Amino acid sequence: MCIRDRFNTPSGAFYFFFDISKYYNNNFNSSFIVADYLLNEFKVAVIPGSAFGDDNSIRISFATSEECIIEGISRIKNGLLSIIESENK
């Protein structure tokens with residue numbers, strides 16, 4: 001994840017949608033699969049964008065402490081990097 005990743009700017013809510021489509025590959029090809037993987041392997045909960053009509057994104061809540069947000073984003077980053085690494089094996 002880097003600053004060039006795309007996300008929708010929140011407009012008055014405590015969550016945002018993060019575009020994960022560039023991390024899709026043969027094994028990870030839907031927001032549900034990515035969200036399930038992040039939960040089971042990295043212990044971070046996100047909502048598949050498909051629940052909101054956008055299968056290219058995950059919904060991330062920031063209705064918690066700054067410390068928890070930083071930890072959660074770190075886990076998401078590590079999870080997405082592991083998806084990239086799995087494709088390169």
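Not measured: the values here are computed from a predicted model. Hydrogens, waters and symmetry mates are skipped; everything else that's a heavy atom, side chains included, is used.
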- Query: What closest approach, in Å, do Asn27 and Ile33 show between heavy atoms, and which atom pair accounts for it?
  - Reply: O-CG2, 3.6 Å
- Rounded to the nearest 0.5 Å, what separation is found between the OG atom of Ser50 and the CZ atom of Phe32? 8.0 Å
- Can you check whether Val46's main-chain N or O pairs, donor with acceptor, with Arg59's side chain at less than 3.5 Å? no
- Would you give the length of the straight line joining atom CD of Glu71 to atom CD1 of Ile76, rounded to the nearest 0.5 angstrom? 10.5 Å
- Are Tyr15 and Phe62 close enough that their ring centers fall under 6.0 Å? no
- Is Ile73 reachable from Leu39 through a run of hydrophobic residues whose side-chain heavy atoms are each under 4.5 Å from the next? no
- Query: Considering only heavy atoms from C-beta outward, does the side chain of Ile20 approach that of Phe28 to under 4.5 Å?
  - Reply: no
- Query: Is Tyr24 atom OH crowded by more than 12 heavy atoms from other residues, nucleotides or ligands, each under 6.0 Å away?
  - Reply: yes
- Item | Side-chain donor-acceptor contact under 3.5 Å, Asn25 with Asn29 | no
- Task: May I ask you to check whether Ser31 and Asp55 show a side-chain donor-acceptor distance below 3.5 Å?
- Result: yes
- Query: Going from CD1 on Ile70 to CZ on Arg75, what distance comes out if it is rounded to the nearest 0.5 angstrom?
  - Reply: 13.0 Å
- Pair Phe52 + Phe17: ring centers closer than 6.0 Å: yes
- Query: Would Val34 and Tyr23 count as a side chain to side chain contact (heavy atoms under 4.5 Å, CB included) if you check the C-alpha gap in whole Å, the side-chain angles of each, and the deciding distance to 0.1 Å?
  - Reply: CA-CA 9 Å; Val34 172; Tyr23 301 96; 5.9 Å; no
- Phe42 with Ile58, same ILVMFWY side-chain cluster at under 4.5 Å: yes
- Item | Distance-only side-chain donor-acceptor flag, Tyr37 / Ser82, under 3.5 Å | yes
- Query: Under 3.5 Å, is there a donor-acceptor pair between the side chain of Asn40 and the main chain of Asp36?
  - Reply: yes
- Atom pair CD1/CD of Ile83 and Glu41 - distance to nearest 0.5 Å: 10.5 Å
